[in-house]
Amino acid sequence: MSLETKPNVARPDDIYEALIAAQAGMNEAESLHFSARLILLLINQIGNDALVKDAIAAAREPAPTPAAGSDRRG
């Protein structure tokens, strides 16, 4: 199994909105604790140490810059 780095969910905007809504009303410390718990739950769901380590390495890479004129809301 290799790390999937391209969009892989049917409704990414809905997932983003759920993530933001889940943190509504949290202070910074609470938000960081929430994020850590969520990450650990998702790591457990993946259940593949090598894949998780690949994801950690990929997350440390700079985010790609969108192409000029691109708009994901298109």
Side-chain angles (χ1 to χ4, degrees):
M1 177 183 266
S2 63
L3 182 65
E4 179 61 65
T5 59
K6 295 179 183 164
N8 193 32
V9 293
R11 300 181 59 108
D13 291 338
D14 290 351
I15 299 295
Y16 177 79
E17 289 298 324
L19 183 59
I20 297 304
Q23 297 178 74
M26 292 183 184
N27 63 36
E28 184 176 1
E30 292 167 333
S31 179
L32 289 171
H33 287 128
F34 166 83
S35 295
R37 287 191 307 272
L38 178 60
I39 289 166
L40 292 171
L41 287 166
L42 293 172
I43 286 171
N44 189 60
Q45 182 66 33
I46 293 167
N48 180 316
D49 292 0
L51 193 58
V52 169
K53 288 177 181 178
D54 287 348
I56 291 168
R60 288 191 54 87
E61 296 291 322
T65 304
S70 70
D71 183 351
R72 57 176 246 168
R73 291 173 287 179

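Starting from 1, each residue takes its place in the sequence as its number. The structure presented is a predicted model; accordingly, all values stated were derived computationally and were not measured.
In this structure, Ser35 and Gln23 approach most closely via the heavy-atom pair OG-OE1, 4.0 Å. Nearest heavy-atom pair across Glu30 and Met26 is OE1-CA, 3.2 Å.
With hydrophobic clusters built from ILVMFWY side chains whose heavy atoms lie under 4.5 angstrom apart, Tyr16 does not share a cluster with Phe34. Hydrophobic cluster membership differs between Ile39 and Leu19, with clusters built from Ile, Leu, Val, Met, Phe, Trp and Tyr side chains linked at under 4.5 angstrom. Linking ILVMFWY side-chain heavy atoms closer than 4.5 Å, directly or via other members, places Leu3 and Ile46 in a single hydrophobic cluster.
The distance from atom CG of Leu40 to atom CD of Gln45, rounded to the nearest 0.5 Å, is 13.5 Å. Between Ile56 atom CD1 and Leu51 atom CG the span is 10.5 Å, to the nearest 0.5 Å. Here the CG-NZ distance, from Asn48 to Lys53, works out to 10.5 Å after rounding to the nearest 0.5 Å.
Environment of CD in Glu4: crowded, with over 12 heavy atoms of neighbouring residues, nucleotides or ligands closer than 6.0 Å.
In terms of modelled atom types and a separation under 3.5 Å, the side chain of Glu61 and the main chain of Ala58 share no donor-acceptor contact.
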